[in-house]
Amino acid sequence: MKITVARRKLGKERSYGLAWQHLKKIELDSRLTPRKELEIMVHEVSHLVFPKMPEEDVERLGKIVSKVLWQQGYRKNL
């Protein structure tokens, strides 16, 4: 599955990220810190890959996976 990632300010949406199933696209708030961006990216991708997963589980998955990746040194290249 190819997923498009876009960044923009999501203040009006009151969200750190959005997932668009029909477009296979996620949007991330461009003001996120690198650590928070990793968490939200995992969270939003999880919505696309597991569309029936309850929000509580998606939330937990985003936090756990991003924490492990961060501890292993994964960082965004600037």
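For clarity, every value in this text was computed on a predicted model and none was experimentally measured.
Hydrophobic clustering (ILVMFWY, side-chain heavy atoms < 4.5 Å, transitive): Leu18 and Met53 are in distinct clusters. Hydrophobic cluster membership is shared by Ile40 and Val5, with clusters built from Ile, Leu, Val, Met, Phe, Trp and Tyr side chains linked at under 4.5 angstrom. Put simply, Val45 and Trp20 are part of two different groups of oily side chains (I, L, V, M, F, W, Y) that touch within less than 4.5 Å, one to the next. Val68 and Leu61 are members of different hydrophobic clusters when ILVMFWY side chains are connected at heavy-atom separations under 4.5 Å. Residue Leu38 is not grouped with residue Ile64 when hydrophobic side chains (ILVMFWY) are merged at heavy-atom distances under 4.5 angstrom, including chains of intermediate members.
Under the salt bridge (Lys or Arg N to Asp or Glu O under 4.0 Å) criterion, Arg35 pairs with no residue at all, not counting sequence neighbours. Residues that satisfy the salt bridge (Lys or Arg N to Asp or Glu O under 4.0 Å) test with Glu37, not counting sequence neighbours, are Arg7, Lys76. For Trp70, the side chain to side chain donor-acceptor pair (under 3.5 Å) criterion is met by no residue, not counting sequence neighbours. With sequence neighbours excluded, the residues that form a side chain to side chain donor-acceptor pair (under 3.5 Å) with Glu55 are His43, His47. Under the salt bridge (Lys or Arg N to Asp or Glu O under 4.0 Å) criterion, Lys36 pairs with Glu39, not counting sequence neighbours. Shown here are the side chain to side chain donor-acceptor pair (under 3.5 Å) partners of Ser46, two or more places apart in sequence or in another chain: there are none.
Two residues are said to be in side-chain contact when any heavy atoms from C-beta on lie closer than 4.5 Å; Lys24 and Lys2 fail this criterion. Tyr16 has its side chain within reach of Leu32: a pair of non-hydrogen atoms, C-beta onward, lies under 4.5 Å apart.
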